[in-house]
Amino acid sequence: MSSDHVQPSTERSAAGAPLTGAETPYLELLARGASADAYEQPVLLARAEGRPTEQIVALEQAKLLALRVRSELEGRRRREAELSALFETAHDLAGLRDLDAVLQAIVQRARSLLGTDVAYLSLNDPARGDTYMRVTEGSVAARFQQLRLGMGEGLGGLVAQTARPYVTDDYFKDDRFQHTLAIDAGVRDEGLVAILGVPLTLGHHVIGVLFAADRRARVFEREQIALLGSFAALAAAAIDTANLLSETRSALADLERANEIIRDRSGVIERASDVHDRLAQLVLHGGGVHDVAAAVSEVLDGTVEFTEATAVPAAALEASRAEGHAVRYRDDWVAAVVAGGELLGALVLRGQPGLDPVDQSTLERAATVTSLLLLARRSAAEAEQRVRGELLDDLLDARDRDPRLLRERAARLHADLDARHVVLAARLDAVAADAEQEADARRRLWSAASHLAATRHGLAAARDGGTVLLLPLTGDDTATALARRTARHLGTAVHEAVTVGASAPVEDLAAHPDAVAAGYEEGRRCLEALRLLGRPGDGAAAEDFGFLGLLLAGDRDVAGFVGRTIGPVVAYDERRGTDLLRTLDAYFSCGMSPARTKDDLHVHVNTVAQRLERVGRLLGDDWQSPARALEIQLALRLHRLSGPAQR
């Protein structure tokens, strides 16, 4: 029977719908990948031939189903193409050799998959504070290819500034962007109308922007924005990998240069070869500066020491630095340890005035290796300091409240957030002559605090013009003692007076990171109190300020204040059943007059005198001084007010 007279069948499709035979022409269209317009032909032909209405309706339904299938197939083919392009790009990235080639491939594939006229990529220039074109595909205008966009200027500048994707279907009619003559001229030369830009990010930092653009009005779909974002992520990874490779090559080049220096004339001079082998082994096995000095001492049959710059005669050190060689000073030889123009110290060979050129070269090579080791140690220390500061910043700002994650981060730094800690606020007291000197002083304070935190298994960060430390409290140590030791330690390290205010002990910081912020505020209040009281360079906690400590403490430790002030009297009354507290209260109420006190208590004046003598032995001879008397009266009142709650 011909297709003109297809009769309904009782067969059913996989979806359960009856198969009428109307699907046949659409299956053929699907099989050969016909265009969407071709799917109208079977219906038009059936109407032209005057077929029954039910057949035409069946064809219409089959057409809609076929178009849905076609759309789904097209979507899958498109997604397969996108995934294939992403996979190929990731493969290129895995075998990265030429950054420009990888970025060019990313831009080409983005343009092809999004079907745009142009695709391009810009990178941020931190030195100039703008973003510039790095790679273009499909561009024909030279001025466009050389564009630089200031942060916030144009669509790209806005993406670079905000780290968010932006899209416009008509750039020149879109007033969300800051239009400039240079940018608009470049875009106009290229003839662009619709533009999509997504950020290239590394961590939280935007390093550039990836664009796709058309020379006609166009609406970019959400899937296309996401696809371009995926390419942007690959581009950022490529750039990061290239930077890491560059840094690695540079570090390897530095080490290679050091090795070349050590190998110099090694084939001729056996002793120099021995030094090279020894120092290379030290570097590979993580040896330190003093290990290098010890190895060179053995080779040179002398005593070689690494010495700080301040402990070496200035004239000899400067001569070695200027000449780039070891110089003789009396019976010693001095080799400056220099890196990038910075003087890090010196290697000093003692008691060898008659050093031959080969041994002199050996000492110089050892100084070069020492500088590399010092730089590596400094880089590691600075990295650890930054990580400690970031963790403390998170605790202070209470951004990361996952206790498990906080504990893991602290454990990597050998810190225990479950231990008791004290939050200390430290600040320099000297006033710097200018902003540069002040910034240098703050850096020295932060460096000293970071070193102290690392050695004490704590944390340190720069904040509010000073430094904040989080240090563990061990044994019978107190917040006051820790604050005073810290003030002395930091003051000695920076050669200036450093004032330190401490919080009361805080605990369980992983579960309660907000306690760190509260402790910091308490420490700052103590620090300000020390400065107002004329005690620069000192350290103290709220408990050191008597009743003033109630105002300074974040948790208003009333019981602690009462215990510190009149605790011995309270304990004595409880043990002996005496009335010392009542006698004290009456004594102050009667204007500190024993005669009036005995009338108020209905006892003999000698009884009052004996009780007050006992109070003096418990509280100290100065208990009636104005300052102590004021604190005792306040403590008596607070004790009386808290009595009912305790009962």
For D622, is there any backbone N or O sitting under 3.5 Å from a side-chain donor or acceptor partner on S625?
yes

Heavy-atom donor-acceptor pair, S589 side chain to D585 backbone, under 3.5 Å
yes

Please report the shortest heavy-atom distance between M151 and G129, naming the atom on each side.
CG-O, 3.5 Å

If you round to the nearest 0.5 Å, how far is CG of L428 from CG of L445?
4.5 Å

Ignoring hydrogens and geometry, is there a side-chain-to-backbone donor-acceptor pair from R420 to P505 under 3.5 Å?
no

Pairing of R328 and D332 as salt bridge, 4.0 angstrom limit
no

With no hydrogens and no angle check, is any side-chain donor or acceptor of H457 less than 3.5 Å from a backbone partner on H414?
yes

Are any non-hydrogen side-chain atoms of V422 and L482 less than 4.5 angstrom apart?
yes

Tell me which one of L471, L509, V516 satisfies side-chain contact (heavy atoms from CB on, under 4.5 Å) with H421.
L509

Strictly distance-based, threshold 3.5 Å: is any side-chain N or O of R463 a donor or acceptor partner for the main-chain N or O of V468?
no

Do the side chains of D477 and R485 get close enough for a salt bridge, i.e. N-O under 4.0 angstrom?
yes

Would you say the side-chain atoms of E522 pair up with the backbone N or O of A504, donor to acceptor, closer than 3.5 Å?
yes

Stepwise side chain to side chain contact (heavy atoms under 4.5 Å, CB included) check, D130 with N124:
CA-CA 6 Å; D130 62 5; N124 291 2; over 6 Å; no

Specify the closest pair of heavy atoms between A367 and L347, including all atoms of both residues, with the distance to one decimal.
N-CD1, 3.5 Å

Go through the steps to decide whether R611 and L601 satisfy the test side chain to side chain contact (heavy atoms under 4.5 Å, CB included), and finish with yes or no.
CA-CA 12 Å; R611 292 179 181 178; L601 295 176; 4.0 Å; yes

Side chains of D538 and R484 in contact at under 4.5 Å (non-hydrogen atoms)
yes

Hey, does the side chain of S320 reach the backbone of H325 with a donor-acceptor pair shorter than 3.5 angstrom?
yes

Measure from the side-chain N and O atoms of T201 to the backbone N and O of H204, and report whether any donor-acceptor pair falls under 3.5 Å.
no

To the nearest 0.5 Å, what is the distance between CZ on R456 and CG on L473?
8.5 Å

If we only count heavy atoms from C-beta on, is the R350 to W333 side-chain gap below 4.5 Å?
no

Min side-chain heavy-atom separation I632-L619 under 4.5 Å:
yes

Beyond-backbone contact of D464 with Y520, side-chain heavy atoms, under 4.5 angstrom
yes

In the structure I gave you, are the side-chain heavy atoms of D508 and D418 within less than 4.5 Å of one another anywhere?
yes

Look up atom CG in L469 and atom OG in S450, then write down how far apart they are to the nearest 0.5 Å.
8.0 Å

E521 side chain near V423 side chain, heavy-atom distance below 4.5 Å
no

Tell me, with the steps shown, if L349 and T303 meet side chain to side chain contact (heavy atoms under 4.5 Å, CB included).
CA-CA 6 Å; L349 173 62; T303 301; 5.8 Å; no

Under 3.5 Å, is there a donor-acceptor pair between the side chain of D429 and the main chain of G537?
yes

Report yes if the side chains of D573 and D579 come closer than 4.5 Å at any heavy-atom pair, otherwise no.
no

Heavy-atom pair with the smallest gap, counting every atom of A541 and T480
CB-OG1, 3.8 Å

Just how far is it from atom OG1 of T467 to atom CH2 of W446, taken to the nearest 0.5 Å?
9.0 Å

Non-hydrogen atoms of G539 and A487 that approach each other most closely:
N-CB, 4.1 Å

So, taking the atom named NZ in K598 and the one named OG1 in T583, what distance separates them when rounded to the nearest 0.5 Å?
14.5 Å

Give, for atom NE2 of H489 and atom OG1 of T455, the distance between the pair rounded to the nearest 0.5 Å.
6.0 Å

Closest heavy-atom contact between A586 and D600?
CB-OD2, 3.5 Å

Note: P199 and V206 closest approach over all heavy atoms is CB-CG1, 4.3 Å

Which class fits the ring pair W623 and Y587: parallel under 30°, tilted 30 to 60°, perpendicular over 60°?
tilted

The test is side chain to side chain contact (heavy atoms under 4.5 Å, CB included); show your working for V500 and L527 and say whether it passes.
CA-CA 6 Å; V500 176; L527 180 122; 5.5 Å; no

